[in-house]
Amino acid sequence: MGTSIHSTVVNDVQRTQVVVIGAGPAGLLLGRILDLAGIDNVLVEARSRRHCEQRLRAGILEHATSTLLRDLGAGQRLDAEGLVHGGIELRFGGAGHRIAMDELTGCSVTVYGQTEVVKDLIALRREAGSPLYFDTPAVAVEDFTGGGRPVVRAEPADGPPLVLRADVVVAADGFHGIGRQVVGDRAITVRQQSYPYAWLGILADVAPSCDELIYCHHDRGFALHSMRSTTVSRLYLQVDVDEQLDQWSDDRVWDELATRLAMDGWSLRTGPVLDKAITPMRSFVASPMRHGSLFLAGDAAHIVPPTGAKGLNLAAGDVAVLGAALVEHFTTGQSAGLDAYAGTCLRRVWRAQDFSYTMTTMLHRAPGDTDGYLAELQRARLAYVCSSEAAARSLAENYVGIAGH
Ligand code: RFL
Ligand code: PHB
């Protein structure tokens, strides 16, 4: 728990400029942007610091996300430990095809785990002495429409309830957070797709078997070889949507990965499995992203299937726009940036939705494709992407995050 330099407490109501709900990448990045601009903000997080720092998720940072982290003073470990990748491999029909993103776009991506981004940002916030309450779920948001000052009520696990009155509340509280709930179904339009498959992901204590990520199309289903460092691998398998983790021994996972990723002259290194989990796949957009003085950011407003590696980058994009708009608002009194927030973000969000959907449906085995029609379409699309420079450039521009800019 921290104390704020500027916020004041009157009759047990803490007054601040911005309350941020959620210490995932979106909330922590926004808090940092506000801290650097001298804007008073309080961050409340439902889970423990350890939980937030250990939660295994994204691994790929677009160029713009790395630049944002550096601009916020969070680039030191990223630059020392992040792995810069100029390409990805598409593997299908037992052969690999490199998409040279650096040559096609002039940009690359960086492999740096979300766990590390979160650790770096929490450390900076601690250093700055800005308030960050862990184990403190927000349980209510009140008075965010109608021009009054919104209030967030939160309940620390080991202390009296918090009542926070702010000018602006940002719900950066993920897909299951309270932000969308308090707005209510009637004020939000949801557009979504679910997919009839899931990802089984492992983290393994073994050097990666490749220098760049491998996205693999196979008759038995999709596989992805990623990594966290030169000594730790991250791999995923497409599994059925209702698959049970206890059906997947470590040996079975490695065997299945080796089968799907098989290519002449290439072999998969195996090692101790450090973590294993199943993740559902979904596409989801809630609009608008603003409701009076309550703003939704990151996964609270939109979800993409992970095949395009976009979720964390979209969260960072949202708060870069929102942070700049809030700084403008609090320093000049102008609110044009806040008014434009949802529109600006949703354009990028829909571009990423399209890319993530396209990558997902191009690479995953479609259950129910009994005569193999969809599999042939996928192979035709993959062959085209790997033989046409224009098609490869389009994929590369989307992957590095510069498409439509
Ligand atoms: P988060 O990270 O879910 O953080 C939300 C935080 O809010 C807290 N919270 C509350 N706090 C207070 N009060 C409440 N009432 C609260 N309710 C919730 C939660 O505890 C949590 O700490 O959302 P944020 O910040 O918007 O960040 C989004 C990213 O985490 C997400 O989009 C990415 O991880 C998605 N993703 C990937 N993104 C990429 O850009 N590149 C990738 O390579 C990539 N790979 C992935 C992924 C997601 C995956 N999974 C597990 C869904 C791979 C996987 C397998
Ligand atoms: C990861 O390393 O976790 C990862 C990489 C690329 C993706 C999804 C996840 O598309």
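Each ligand, and each atom within it, is numbered from 1 in the order the structure gives. Predicted model only: the values in this text are computed from it and were never measured.
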Chemist: Please list the nearest protein heavy atom to atom 10 (C) of ligand 1 with its residue and the distance rounded to 0.1 Å.
Modeler: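 Going by distance alone, atom 10 (C) of ligand 1 is nearest to A46 CB, 3.7 Å.
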
Chemist: Going by the rule side chain to side chain contact (heavy atoms under 4.5 Å, CB included), which residues pair with E53 if we only count those two or more places apart in sequence or in a different chain?
Modeler: R49, V118, K119, I122

Chemist: Apply side-chain contact (heavy atoms from CB on, under 4.5 Å) to residues M227 and C210 and explain how you reach the verdict.
Modeler: CA-CA 9 Å; M227 61 198 72; C210 46; 4.1 Å; yes

Chemist: So which of G177, S226, A154 gets nearest to atom 17 (N) of ligand 1, if we judge by its closest heavy atom?
Modeler: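 Ranked by closest heavy atom to atom 17 (N) of ligand 1, first place is G177.
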
Chemist: Decide whether an N or O pair under 3.5 Å exists between P25 and ligand 1.
Modeler: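 Between P25 and ligand 1 (N or O atoms, distance only) the closest approach is under 3.5 Å.
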
Chemist: Give the atoms of ligand 1, by number and element, whose distance to some non-hydrogen atom of D299 is under 4.0 Å.
Modeler: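 Those qualifying, in numeric order: 23 (O), 26 (O), 28 (C), 29 (C), 31 (C), 32 (O).
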
Chemist: More than 12 heavy atoms of other residues, nucleotides or ligands under 6.0 Å from NE2 of H218: is that the case?
Modeler: yes

Chemist: Which of the numbered atoms in ligand 1 are below 4.0 angstrom from a heavy atom of A309?
Modeler: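 That gives atoms 39 (C), 40 (O), 41 (N), 42 (C), 43 (O) of ligand 1.
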
Chemist: Is there side-chain contact between S108 and H85, with heavy atoms separated by less than 4.5 Å?
Modeler: no

Chemist: In terms of atom number and element, which parts of ligand 1 are under 4.0 angstrom from non-hydrogen atoms of R47?
Modeler: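 Here the atoms of ligand 1 in question are 20 (O).
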
Chemist: Suppose we measure from atom 3 (O) of ligand 2 to each protein heavy atom; which comes out shortest, and what is that distance?
Modeler: Y236 OH, 2.6 Å

Chemist: Report, in ascending order of atom number, the atoms of ligand 1 lying under 4.0 Å from any heavy atom of G24.
Modeler: 2 (O), 4 (O), 6 (C), 22 (O), 25 (O)

Chemist: Checking N41 against R125: is there a side-chain donor and acceptor pair closer than 3.5 Å?
Modeler: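 Yes, N41 and R125 have a side-chain donor paired with an acceptor closer than 3.5 Å.
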
Chemist: When you look at CD of Q247, are more than 12 heavy atoms from neighbouring residues, nucleotides or ligands closer to it than 6.0 Å?
Modeler: yes

Chemist: Does D173 come within less than 4.0 Å of R180, counting only side-chain N to carboxylate O?
Modeler: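 No, D173 and R180 are not salt-bridged.
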
Chemist: Check each heavy atom of T307 against ligand 2 and say whether those closer than 4.0 Å belong to the side chain, the backbone, both or neither.
Modeler: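 Answer for T307: backbone.
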
Chemist: Looking only at protein heavy atoms, which one is nearest to atom 18 (C) of ligand 1, and what is the separation?
Modeler: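 Protein heavy atom with the smallest distance to atom 18 (C) of ligand 1: D173 O, 3.1 Å.
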
Chemist: With atoms numbered from 1 as shown, which atoms in ligand 1 lie under 4.0 angstrom from a non-hydrogen atom of N313?
Modeler: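 Here the atoms of ligand 1 in question are 40 (O).
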
Chemist: At a 4.0 Å threshold, what atoms of ligand 1 neighbour a non-hydrogen atom of G298?
Modeler: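 Answer, ordered by atom number: 26 (O).
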
Chemist: Is R15 salt-bridged to D167, going by a charged N under 4.0 Å from an acidic O?
Modeler: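 Between D167 and R15 there is a salt bridge, with a charged N closer than 4.0 Å to a carboxylate O.
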
Chemist: Heavy atom of R55 under 4.0 Å from ligand 1?
Modeler: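 R55 counts as a contact of ligand 1 under the 4.0 Å cut-off.
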
Chemist: In this structure, which one of D120, T65, D79 forms a side chain to side chain donor-acceptor pair (under 3.5 Å) with Y112?
Modeler: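 Looking at D120, T65, D79, the match for Y112 under the side chain to side chain donor-acceptor pair (under 3.5 Å) is D120.
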
Chemist: When you check the gap from the basic side-chain N to the acidic O, do R351 and D354 get nearer than 4.0 Å?
Modeler: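 A salt bridge links R351 with D354.
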
Chemist: Report yes or no: does V111 have a heavy atom closer than 4.0 Å to ligand 2?
Modeler: no

Chemist: Are L377 and R381 side-chain neighbours, meaning at least one heavy-atom pair lies under 4.5 Å?
Modeler: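 Heavy-atom side-chain distance check fails, nothing below 4.5 Å.
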
Chemist: Just which atoms of ligand 2 are under 4.0 Å from any heavy atom in Y215?
Modeler: 6 (C), 7 (C), 10 (O)

Chemist: Does OH in Y357 sit with more than 12 non-hydrogen atoms of other residues, nucleotides or ligands closer than 6.0 Å?
Modeler: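 For Y357, atom OH is not crowded (no more than 12 foreign heavy atoms under 6.0 Å).
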
Chemist: Could you tell me whether R57 and ligand 1 have an N or O pair separated by under 3.5 Å?
Modeler: yes

Chemist: Hey, does E45 come in under 3.5 Å of ligand 1, counting only N/O atoms on both sides?
Modeler: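 It does: an N or O of E45 is found under 3.5 Å from an N or O of ligand 1.
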
Chemist: Can you tell me if G201 has a non-hydrogen atom under 4.0 Å from ligand 1?
Modeler: no

Chemist: Just jot down the ligand 2 atoms closer than 4.0 angstrom to any heavy atom of I60, in number order.
Modeler: 5 (C), 6 (C)

Chemist: For W266, does the six-membered ring have the charged nitrogen or CZ of R91 within the cation-pi criterion, i.e. under 6.0 angstrom from the centroid and within 45° of the normal?
Modeler: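 The answer is yes; both the distance and angle limits are met.
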
Chemist: For R57, counting its heavy atoms only, list the atoms of ligand 2 lying under 4.0 Å from any of them.
Modeler: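 The list of qualifying atoms is 3 (O).
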
Chemist: Under 4.0 Å, heavy atoms only, figure out whether ligand 2 is touched by the backbone of S226, its side chain, both or neither.
Modeler: side chain

Chemist: Should one rank S48, G308, G174, A138 by closest heavy-atom distance to atom 13 (N) of ligand 1, which comes out on top?
Modeler: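 Shortest heavy-atom distance from atom 13 (N) of ligand 1: A138.
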
Chemist: What atoms of ligand 1 come within less than 4.0 Å of a heavy atom belonging to I178?
Modeler: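 Those atoms are 15 (N).
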
Chemist: Between Q181, E62, Q114, which one has a non-hydrogen atom sitting closest to atom 34 (O) of ligand 1?
Modeler: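 Minimum heavy-atom distance to atom 34 (O) of ligand 1 goes to Q114.
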
Chemist: Using a 6.0 Å cut-off, check whether atom CG of D211 has over 12 heavy atoms from anything other than its own residue.
Modeler: no

Chemist: Run the numbers for me: atoms of ligand 2, each under 4.0 Å from some heavy atom of L213, listed by number.
Modeler: 5 (C), 6 (C)

Chemist: Check the surroundings of atom CZ in R77: do more than 12 heavy atoms from other residues, nucleotides or ligands lie under 6.0 Å from it?
Modeler: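 Buried by this count: over 12 neighbours within 6.0 Å.
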
Chemist: Has F175 got any heavy atom lying under 4.0 angstrom from an atom of ligand 1?
Modeler: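 Outside the 4.0 Å threshold, so no.
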
Chemist: Considering only the protein, which heavy-atom contact is closest to atom 38 (N) of ligand 1, and what is its distance?
Modeler: L312 N, 2.9 Å

Chemist: Using side-chain contact (heavy atoms from CB on, under 4.5 Å), reason through V163 and R153 one step at a time and then give a plain yes or no.
Modeler: CA-CA 5 Å; V163 184; R153 296 182 188 278; 3.6 Å; yes

Chemist: Between ligand 1 and P137, is the shortest N or O to N or O distance under 3.5 Å?
Modeler: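 Such a contact does not occur with ligand 1.
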
Chemist: Hey, are the side chains of I88 and L395 touching, using non-hydrogen atoms and a 4.5 Å cut-off?
Modeler: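 Result yes, sub-4.5 Å side-chain heavy-atom pair found.
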
Chemist: Considering S356, A58, A297, G22 one by one, which has a heavy atom nearer to atom 37 (C) of ligand 1 than any of the others?
Modeler: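 Selected option, by shortest heavy-atom distance: A58.
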
Chemist: Between the candidates L314, V182, T279, which shows the shortest non-hydrogen contact distance to atom 50 (N) of ligand 1?
Modeler: T279

Chemist: Quick one: look at A172 and ligand 1, take heavy-atom pairs under 4.0 Å, and tell me if it's side chain, backbone, both or neither.
Modeler: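 Just the backbone.
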
Chemist: Can you pull out the closest protein heavy atom to atom 25 (O) of ligand 1? Residue, atom name and distance to 0.1 Å, please.
Modeler: A26 N, 2.9 Å

Chemist: Are any of the N/O atoms in T136 less than 3.5 Å from those in ligand 1?
Modeler: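 It does not: no N or O of T136 is found under 3.5 Å from an N or O of ligand 1.
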
Chemist: Just jot down the ligand 2 atoms closer than 4.0 angstrom to any heavy atom of P306, in number order.
Modeler: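 That gives atoms 7 (C), 8 (C), 10 (O) of ligand 2.
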
Chemist: Just do the salt bridge (Lys or Arg N to Asp or Glu O under 4.0 Å) check on R252 and E256 with the steps written out, would you?
Modeler: CA-CA 6 Å; R252 183 178 174 206; E256 190 62 31; 5.7 Å; no

Chemist: Going by the atom numbers of ligand 1, which of them fall below 4.0 Å from some non-hydrogen atom of G59?
Modeler: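 Those atoms are 42 (C), 43 (O).
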
Chemist: Determine whether L213 and V111 make a side-chain contact, defined as any pair of heavy atoms from C-beta on separated by less than 4.5 Å.
Modeler: yes

